[in-house]
Amino acid sequence: MGRFHRHDDGVGHTHDHDHDHDHDHDHDHDHDHGDMSGYDTGRERVDVLDAIFGENDHRAEINRAAFAAAGVTSVNLMSSPGSGKTTLLEATLDAIADEMRVGIIEGDIATDLDAARLAGRGAQVSLLNTSEGFGGECHLDAPMVNRALQGLDLDELDLVVIENVGNLVCPAEFDVGEHRRAMVWSVTEGDDKPQKYPVMFRSVDVVVINKIDLVPHLDIELDDYIRAVREANPSAAILPLSAKTGDGMGAWLDWLRQRGPGAA
């Protein structure tokens with residue numbers, strides 16, 4: 001059937017793969033698969049997925065309007081599992097909860113472990129498990145975020161951070177109504193990730209390179225990580241830091257303090 005994806009301009013299509021395998025078998029295949037000439041499954045798949053993305057984008061605009069009406073800046077925070085997103089949010093809340101009213105939409109496939117870590121740090125936290133009514137999706141979409149917004153009092157907030165499900169593929173495809181996009185990338189993940197997951201790196205406004213405290217213990221050069229990001233996304237802000245030690249956190253906090261849609 002092929003694989004469906006959207007380009008940066010929003011156009012979606014499938015790639016059909018033809019397989020030309022020679023088989024040296026001495027037996028005949030006599031299977032009646034029926035008349036499939038009336039079916040265009042590739043086109044049907046594109047139509048269905050275009051409808052899904054269309055509904056998602058409509059809901060995303062509703063979410064964005066709700067944020068705007070309340071004067072809230074929203075950030076979609078993405079990463080692979082284990083990059084340190086939740087640790088970064090813990091350190092962030094500890095640093096700015098007294099100066100900014102923060103809401104967190106905590107997206108996870110299952111459990112409330114990350115939401116529990118963020119509780120008691122001065123933020124409103126709305127938990128969203130995708131295993132509950134959403135089929136265990138590996139990303140958040142705009143309808144999910146719309147539901148999670150019911151757990152936040154937007155009029156009492158300045159900033160909402162949407163902690164997406166840990167995944168470097170699907171979250172990049174879905175607009176959830178955010179004003180800005182950020183991703184966390186750990187030095188333990190290897191400097192080939194921008195090449196392997198270019199859509200994610202191209203889609204964000206800032207790349208946080210986390211766990212720089214581990215650089216002396218790893219056979220890596222931090223400059224290689226920065227160069228890899230630059231090749232994938234020349235305009236993104238690059239913020240090397242350690243959420244554990246606090247080194248470099250100031251630049252990240254300054255980025256979050258910038259208010260409004262499109263703040264760079």
Side-chain angles (χ1 to χ4, degrees), residues 3-14 43-79 85 89 101-110 112 114-115 118 123-183 197 199-200 202-206 256 259-263:
R3 296 288 296 172
F4 182 92
H5 73 275
R6 293 202 296 184
H7 291 290
D8 293 338
D9 60 5
V11 177
H13 64 86
T14 56
R43 180 66 256 170
E44 289 177 357
R45 178 177 172 82
V46 170
D47 289 343
V48 169
L49 290 174
D50 274 345
I52 291 172
F53 280 122
E55 172 61 19
N56 179 82
D57 292 347
H58 173 67
R59 292 292 188 93
E61 289 305 320
I62 292 175
N63 294 344
R64 210 165 354 255
F67 290 132
V72 170
T73 301
S74 55
V75 175
N76 186 0
L77 184 62
M78 301 172 284
S79 79
K85 278 199 314 299
L89 286 178
R101 301 172 300 172
V102 183
I104 306 290
I105 293 177
E106 180 56 51
D108 222 331
I109 293 177
D112 64 350
D114 289 346
L118 299 176
Q124 296 182 34
V125 180
S126 181
L127 174 63
L128 181 64
N129 284 145
T130 66
S131 61
E132 298 177 2
F134 298 107
E137 291 287 355
C138 58
H139 63 273
L140 299 184
D141 61 22
M144 296 179 198
V145 170
N146 186 262
R147 178 181 292 190
L149 286 179
Q150 311 312 310
L152 299 178
D153 184 355
L154 291 182
D155 290 332
E156 296 298 320
L157 296 175
D158 302 308
L159 171 71
V160 169
V161 179
I162 303 159
E163 183 176 0
N164 220 307
V165 177
N167 184 346
L168 284 182
V169 182
C170 303
E173 298 277 357
F174 287 84
D175 179 2
V176 297
E178 73 275 11
H179 295 125
R180 293 183 282 165
R181 287 183 161 200
M183 72 168 294
Y197 304 99
V199 174
M200 172 62 77
R202 288 198 302 260
S203 75
V204 298
D205 303 298
V206 63
L256 285 178
R259 301 298 310 284

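I109 contributes atom CD1, which lies 11.5 Å from atom CG of L128 (distance to the nearest 0.5 angstrom). Taking CG of L77 as the start and CD1 of I105 as the end, the distance is 12.5 Å to the nearest 0.5 Å. One distance of note links CG of N63 with CG of N146; it measures 4.5 Å at 0.5 Å rounding. Between atom CG of residue N129 and atom CG of residue D112 there is a gap of 7.5 Å, rounded to the nearest 0.5 Å. A distance of 8.5 Å separates CG in D155 from CZ in R101, rounded to the nearest 0.5 Å.
Nearest heavy-atom pair across K85 and G166 is NZ-CA, 3.9 Å. Residues L154 and A66 share a closest heavy-atom pair of CD1-O, 3.9 Å. For L157 against L152, the heavy-atom pair with the smallest separation is CD1-CB, 4.2 Å.
Using a 4.5 Å heavy-atom cutoff, the side chains of F174 and L140 are not in contact. With a 4.5 Å cut-off on side-chain heavy atoms, M144 and T130 count as touching. V169 is listed as a side-chain neighbour of Y197, based on a closest heavy-atom distance under 4.5 Å.
Remark: side-chain polar atoms of Q124 are paired, donor with acceptor, to backbone N or O of D153 under 3.5 angstrom. Between the side chain of S126 and the backbone N or O of A148, at least one donor-acceptor pair lies under 3.5 Å. Put simply, the side chain of D205 never gets that close to the backbone of A182: no donor and acceptor are under 3.5 Å apart. Although no hydrogens or angles enter the test, the distance criterion places a donor-acceptor pair under 3.5 Å between the side chain of N56 and the main chain of D175.
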Inset, instruction - Start with the C-alpha distance between M183 and L168, add both sets of side-chain angles, then the distance that settles side chain to side chain contact (heavy atoms under 4.5 Å, CB included), and finish with yes or no. - result: CA-CA 9 Å; M183 72 168 294; L168 284 182; 3.8 Å; yes
Inset, instruction - Would you check, one step at a time, whether the test side chain to side chain contact (heavy atoms under 4.5 Å, CB included) holds for E173 with H139? - result: CA-CA 9 Å; E173 298 277 357; H139 63 273; over 6 Å; no
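Here E178 pairs with R181 under the salt bridge (charged side-chain N to carboxylate O under 4.0 Å, His left out) rule; sequence neighbours left out. When the side chain to side chain donor-acceptor pair (under 3.5 Å) test is applied to S74, the partners found at least two apart in sequence or on another chain are H179.
A side-chain contact (heavy atoms from CB on, under 4.5 Å) with I104 is found for exactly one of D114, L127, L118, namely L118.
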